Amino acid sequence: MAESLLILGGNGFIGRHVAKKGIEEGYKTFILSKKSPLLSEKIKGVNYLQIDLTSSKELEIIKNYKFNYVINLSGNINHCDIRNGGISVIEIHLNSLIKFISILPKDHLNGFVQIGTSDEYGNTIGPQYEDQPEQPFTPYSYAKFAASHFIKYLFRSEEFPGKVLRPFLIYGPGQKENRLIPYVIKNSLKDKTFKISSGEQLRDFLYIKDAVDVIFAALTNKSINGKIVNIGSGKPLSVRYVVETIVNIIGTGKPLFGSKNIRDGESLSLYPNIKFAKYALSWESKYSLEEGLKDYIEFLKNK
């Protein structure tokens with residue numbers, strides 16, 4: 001009998017790619033999400049559970065399932081402050097996780113992957129290491145930080161088979177088009193003049209296909225249970241370099257560097273040390289920035 005895989009928030013950018021990989025790998029794949037996808041967006045072979053993770057009542061149905069693996073990709077990036085939606089962000093990213101795990105049957109559970117965020121490190125100087133003190137600076141980064149340490153606590157206290165992957169910037173087909181790379185690609189394909197920051201920020205960009213591969217490598221790896229693992233390409237690049245690379249590949253596009261302000265509190269140096277991922281998972285990215293961008297550009301051209 002095929003092992004079962006549940007993806008929380010599986011209708012999102014990363015979740016859809018993970019679900020497709022789950023089907024390819026032979027898992028009986030489930031997606032749990034608050035909203036059901038459009039019929040045209042449903043993935044063949046996936047079982048859909050329409051449940052609000054913040055509702056203890058709706059979560060009761062989880063008691064009827066015996067999942068072997070769970071990947072938590074629920075929630076969305078939101079940099080609001082505590083007075084303007086922050087309490088809701090904490091409810092979605094932290095409290096709902098605690099509710100879910102308290103209800104989740106554990107008898108058949110072999111692995112739980114919590115997807116964190118590089119924002120947990122806050123405005124620290126790169127490269128960021130897994131064992132350095134985090135400095136969350138928004139309700140979102142605080143909730144993700146607390147969720148990471150909740151998973152570590154569960155492993156220490158009851159050997160819960162959870163681990164945390166802390167990705168930096170993941171990009172690729174299906175990403176929201178207001179994010180940096182699709183924003184630049186779309187404007188460059190139309191040969192538009194577009195606003196961009198000075199581009200001095202150092203970042204690590206990981207292509208979605210590499211991200212999915214490392215998620216599945218971590219899923220069945222027991223040696224990283226109770227640990228946090230940085231995920232990235234291992235190659236810090238300036239935002240300006242990435243923008244210029246996109247424009248050069250496409251051959252059109254006119255970025256106005258410095259016409260947008262860098263976000264308050266944004267780290268200028270956010271990129272991971274990934275030695276632990278290479279050692280513990282025998283993994284490193286396969287796609288160079290240029291390869292990933294070319295693949296993504298072709299996708300958006302044909303969309």
Side-chain angles (χ1 to χ4, degrees), residues 12-14 16-17 75-86 88-89 117-128 135-141 144 167-208 210-211 232-233 235-272 287-303:
F13 160 47
I14 301 172
R16 287 179 56 80
H17 287 272
N76 62 306
I77 299 171
N78 187 330
H79 295 298
C80 66
D81 61 31
I82 198 69
R83 299 174 192 83
N84 297 293
S88 175
V89 170
T117 171
S118 57
D119 280 352
E120 294 171 59
Y121 290 116
N123 195 14
T124 58
I125 303 299
Q128 282 77 25
Q135 295 182 17
F137 61 100
T138 62
Y140 168 73
S141 57
K144 296 294 267 186
F168 283 63
L169 294 181
I170 298 173
Y171 70 98
Q175 185 178 20
K176 287 184 178 180
E177 294 187 0
N178 63 346
R179 307 298 291 173
L180 173 68
I181 288 181
Y183 167 77
V184 175
I185 292 174
K186 295 284 279 189
N187 279 286
S188 295
L189 286 172
K190 296 174 183 177
D191 197 17
K192 287 188 174 182
T193 298
F194 56 92
K195 294 182 178 181
I196 203 80
S197 73
S198 60
E200 63 192 281
Q201 310 97 308
L202 287 178
R203 294 291 184 267
D204 184 292
F205 296 85
L206 184 69
Y207 195 48
I208 184 62
D210 282 325
S233 69
K235 300 176 179 66
L237 302 167
S238 72
V239 166
R240 184 176 188 120
Y241 176 83
V242 173
V243 172
E244 289 176 338
T245 300
I246 294 169
V247 171
N248 288 336
I249 290 172
I250 295 173
T252 53
K254 303 175 184 69
L256 293 176
F257 290 106
S259 58
K260 289 180 75 172
N261 294 327
I262 293 174
R263 179 166 48 87
D264 288 344
E266 181 179 352
S267 172
L268 294 181
S269 178
L270 192 63
Y271 58 93
Y287 284 79
S288 68
L289 177 73
E290 289 76 11
E291 290 169 332
L293 288 176
K294 287 177 180 178
D295 199 41
Y296 192 8
I297 289 166
E298 284 304 308
F299 169 83
L300 288 176
K301 275 183 180 179
N302 298 319
K303 188 175 176 183

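Since the model is a prediction, treat every value here as computed from it, not as a measurement. Numbering of residues begins at 1 and proceeds along the displayed sequence.
- Listed by first and then second residue, the side chain to side chain donor-acceptor pair (under 3.5 Å) pairs involving residues 172-189 are E177-K303 (not counting sequence neighbours).
- The heavy-atom pair separating P139 from D81 by the smallest distance is CG-C, 3.7 Å.
- Scanning all heavy atoms of the two residues, the minimum distance from I185 to I250 falls at O-CD1, 3.9 Å.
- Annotation for F13 and G172: closest pair CE1-O, 3.4 Å, computed over non-hydrogen atoms.
- Rounded to the nearest 0.5 Å, atoms OG1 (T193) and CG (L256) are 5.5 Å apart.
- Using cut-offs of 30° and 60° on the angle between ring planes, the pair Y296 and F299 is tilted.
- Nearest heavy-atom pair, V247 versus P255, reported as atom, atom and distance to 0.1 Å: CG2-CD, 4.0 Å.
- Look at K301 and E298 and you find a salt bridge, because one of the NZ, NE, NH1 or NH2 atoms lies within 4.0 Å of a carboxylate O, short of that distance.
- Distance OG/S288 to CG/D210: 9.5 Å, rounded to 0.5 Å.
- The ring-ring contact (aromatic ring centres under 6.0 Å, His included) contacts involving residues 235-263 comprise nothing, where partners must be two or more places apart or lie in separate chains.
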Between Q201 and L270, is the side chain to side chain contact (heavy atoms under 4.5 Å, CB included) condition met? List the steps. CA-CA 8 Å; Q201 310 97 308; L270 192 63; over 6 Å; no

Where do I297 and I249 land on the side chain to side chain contact (heavy atoms under 4.5 Å, CB included) test, with the steps shown first? CA-CA 9 Å; I297 289 166; I249 290 172; 3.7 Å; yes

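- Under a 3.5 Å cut-off, the side chain of S118 and the backbone N or O of F168 do not form any donor-acceptor pair.
- In this pair, H79 and Y140 present their aromatic rings perpendicular. The plane angle is above 60°, beyond the 30 to 60° band.
- Classified by interplanar angle (parallel below 30°, tilted 30° to 60°, perpendicular above 60°), the ring pair F205/Y171 is perpendicular.
- Annotation: side chain to side chain donor-acceptor pair (under 3.5 Å) contacts involving residues 245-256, sequence neighbours excluded, comprise D191-K254.
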